[in-house]
Amino acid sequence: MMDFKNTVRYLMEYKDMQTKELSARTGISENTIKSYIKEQSAEPTLSKAVKIARALDVSIAFLAGEQERTAAASPSRLRLQSLTKDFTENEMSILLATAAAIKRNKEAVP
């Protein structure tokens, strides 16, 4: 299990998010966010941790390291979730059809 700072770093990396963007999404200053993810890190208040969790699309338990990463929260799946969160229903249908075709091709190859 990871601690708060490493979990935030991990999520930011795989969501391709810089501190500036996280700051804009949370209303927390860049310097404060940097202080949370540096080596000798400060601990956020509960209200700030909630803002960070919402901005990163995870639970507080996940951020706190109480909920282990699962396949559903793998780096690739988190990146896919981040990339597709604003997709329309039609775009999601196209993506799902493409994924199904890839799976069929993969299963067809011995």
Side-chain angles (χ1 to χ4, degrees):
M1 270 191 264
M2 291 193 291
D3 60 4
F4 179 85
K5 72 178 174 191
N6 289 318
T7 302
V8 172
R9 282 184 196 160
Y10 164 83
L11 290 167
M12 288 175 65
E13 179 180 342
Y14 287 102
K15 289 180 178 266
D16 196 26
M17 186 183 298
Q18 303 298 314
T19 53
K20 184 175 185 173
E21 183 180 351
L22 186 57
S23 173
R25 289 182 179 205
T26 61
I28 301 169
S29 76
E30 268 189 86
N31 286 337
T32 299
I33 291 171
K34 287 176 184 178
S35 76
Y36 296 153
I37 60 176
K38 67 181 185 178
E39 288 306 313
Q40 300 292 326
S41 61
E43 292 290 325
T45 62
L46 179 58
S47 64
K48 287 182 180 177
V50 167
K51 289 177 183 179
I52 292 169
R54 285 184 181 148
L56 295 172
D57 296 320
V58 295
S59 68
I60 289 289
F62 187 89
L63 272 188
E66 294 177 8
Q67 179 182 345
E68 290 189 46
R69 281 193 307 232
T70 63
S74 70
S76 298
R77 291 177 192 267
L78 287 172
R79 183 86 172 112
L80 182 61
Q81 180 183 3
S82 177
L83 290 170
T84 60
K85 73 179 185 176
D86 295 326
F87 274 24
T88 64
E89 192 63 34
N90 187 47
E91 291 167 331
M92 285 302 289
S93 294
I94 293 167
L95 181 63
L96 291 171
T98 303
I102 291 169
K103 184 175 181 181
R104 282 190 305 273
N105 287 339
K106 182 179 174 184
E107 291 169 350
V109 176

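Bear in mind the structure is a predicted one, so any value in this text is a computation, not a measurement. The first residue in the sequence is number 1, and the count goes up from there.
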Shortest non-hydrogen separation from P44 to K48 and the atoms involved: CB-CB, 4.2 Å
Any L22 side-chain heavy atom under 4.5 Å of V8 side chain: yes
With S47 via side chain to side chain contact (heavy atoms under 4.5 Å, CB included) - residues at least two apart: T45
Heavy atoms from other residues, nucleotides or ligands near CD of Q18 exceed 12 (cutoff 6.0 Å): no
Plane angle bin for Y10 and F62 - parallel if under 30°, tilted between 30 and 60°, otherwise perpendicular: tilted
Distance (rounded to the nearest 0.5 Å) between Y36 OH and E43 CD: 9.0 Å
Straight-line distance of I37 CD1 to T7 OG1, nearest 0.5 Å: 12.0 Å
Side chains of E30 and I33 in contact at under 4.5 Å (non-hydrogen atoms): no
Pairing residues for S23 by the side-chain hydrogen bond (donor to acceptor under 3.5 Å, both in side chains) criterion, not counting sequence neighbours: none
K5: partners by side chain to side chain contact (heavy atoms under 4.5 Å, CB included), with sequence neighbours left out: D3, R9, E39, S41
Determine all donor-acceptor pairs shorter than 3.5 Å in which one atom belongs to a side chain in residues 92-101; sequence neighbours excluded.
unit_1, atom_1, unit_2, atom_2, d
S93, OG, E89, O, 3.1
T98, OG1, I94, O, 2.9

Spatial distance of atom OG1 (T26) from atom CG (L56) [nearest 0.5 Å]: 9.0 Å
side-chain hydrogen bond (donor to acceptor under 3.5 Å, both in side chains) partners of R54, counting only residues at least two apart: none
Residue pair L63 / A49: nearest heavy atoms and the distance that separates them: CD1-O, 3.6 Å
From NZ (K34) to CD1 (I28), nearest 0.5 Å: 14.5 Å
Residue list, side-chain hydrogen bond (donor to acceptor under 3.5 Å, both in side chains) with E13, at least two apart or on another chain: none
For K15, salt bridge (charged side-chain N to carboxylate O under 4.0 Å, His left out) partners two or more places apart: D57
Value rounded to 0.5 Å, distance of CG in L83 from NZ in K85: 10.0 Å
Residue list, side-chain hydrogen bond (donor to acceptor under 3.5 Å, both in side chains) with T32, at least two apart or on another chain: S29
pair V58-I52: side-chain heavy atoms closer than 4.5 Å: no
Side chain to side chain contact (heavy atoms under 4.5 Å, CB included) against E21, all qualifying residues, sequence neighbours excluded: M17, R25
